Colleague: 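Quick one: structure below, then a few questions.
Just so you know, these numbers come straight off a predicted model, no measurement behind them. For ligands, and for the atoms within them, numbers begin at 1 and follow the listed sequence. Along the sequence shown, the residues carry numbers beginning at 1.
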Amino acid sequence: MRKKGDNPFIYSDTNKRYHTYDYFLRQKFGKKVFKVPLDCGFTCPNIDGTKGVGGCTYCSARGSGDFAASASLPIRQQYDELRASLSKKWEDAFCIPYFQAHTNTYAPTKQLREKYYEALALPQAVGISISTRADCLSKATVELLHEINEKTFLTVELGLQSIHDVTAKRINRCHTYEDFLNGYRSLNGLNVCVHIINGLPGEDRGMMLETAKAVGSLSPHAVKIHLLHIIAQTAMAKQYAAGEFEAMTLDNYVDTVCAQLEYLPAKTVIARVTGDGAPDSLVAPLWSRKKFVVMNEIDKRLAALNSYQGKKLEETSCY
Ligand code: SF4
């Protein structure tokens, strides 16, 4: 890992000019922590007909849980198997069980409680991450999340993807930015990680920047910046094949992410600056397979511009 050198960004001890999740977790827990994705066999209101059918147009068959073990396995077995393989890389690390696939607050409270408490008891686990939609947070669920938060380091991950309702409609999200804001506010007092996606059909750089600015103004605990991965067998793959939109280039992506980072508060943890597309089913953009190249290009661009996370917020601050 490269040394900090002349990096002016305060939440970093390397060349990273943004507040990485790895840095945050090392500061908080004193050593390496990695997430272990789980699939509890939940579904999603955007798939089962409650809100929509077919899901978001980019959603894979496994509800964005492509790296989790099989949902047919008990949580403990899923956790042990994945942890064993990841521990080869990071011996003696702590773990955060990650309820990743589909919508992990979309079930009766009793069932959710059982699953969350099972995760609380997993060995070496120092937290829990729960991924969900902002329109799936009933009062009882929010109370349960507060209860879990009393017992561990909880992060609730909310998919926003874009603040633009025209985009949400086009990708069949079946909820609006207003719905997102209502759900976000209901989680007041909890750590929330907001997911956004760059490269969605019909969006230009200005729209993506507006999403980042709006998210930055909420000062969330964390943000995940994803690149749109076009996955085989999805509605979006068909639209892409029909020439309805183009995938982002690496240069555009790097430029957009660097600009977005300037509008995200320095304290907000950047849990991702690109995503992992399941390599076998990725249709485009194929350059995204080389995740470390993408991350290095972002580091290089930020350094070349002498930029860093939150820089534009400092410049506009009245202090
Ligand atoms: S909300 Fe998530 S799980 Fe549901 S359809 Fe969209 S991407 Fe898939």
Colleague: Take H146 and L190 through the test side-chain contact (heavy atoms from CB on, under 4.5 Å) and record every step on the way to the result.
Modeller: CA-CA 7 Å; H146 277 278; L190 299 176; 3.7 Å; yes
Colleague: Can you list the atoms of ligand 1 that are under 4.0 Å from a heavy atom of R133?
Modeller: 1 (S)
Colleague: Within the 4.0 Å heavy-atom shell around G55, which atoms of ligand 1 are there?
Modeller: 5 (S)
Colleague: Which one of C56, S131, C136 has a non-hydrogen atom at the shortest distance from atom 5 (S) of ligand 1?
Modeller: C56
Colleague: Check the angle between the aromatic planes of Y116 and F99 and answer parallel, tilted or perpendicular using the 30° and 60° thresholds.
Modeller: perpendicular
Colleague: Does the distance from a Lys or Arg side-chain N to an Asp or Glu carboxylate O, for R76 and D80, drop under 4.0 Å?
Modeller: yes
Colleague: Which residue from C174, C59, A134 reaches closest to atom 8 (Fe) of ligand 1 through any of its heavy atoms?
Modeller: C59
Colleague: Please could you name the atoms of ligand 1 that R173 approaches to less than 4.0 Å, counting only its heavy atoms?
Modeller: 1 (S), 6 (Fe)
Colleague: Can you say whether the rings of F24 and F153 are parallel (under 30°), tilted (30 to 60°) or perpendicular (over 60°)?
Modeller: tilted
Colleague: Parallel, tilted or perpendicular for Y177 and F180, by the 30°/60° rule?
Modeller: parallel
Colleague: Look at C44 and state whether any of its N, O or S atoms is less than 2.8 Å from atom 4 (Fe) of ligand 1.
Modeller: yes
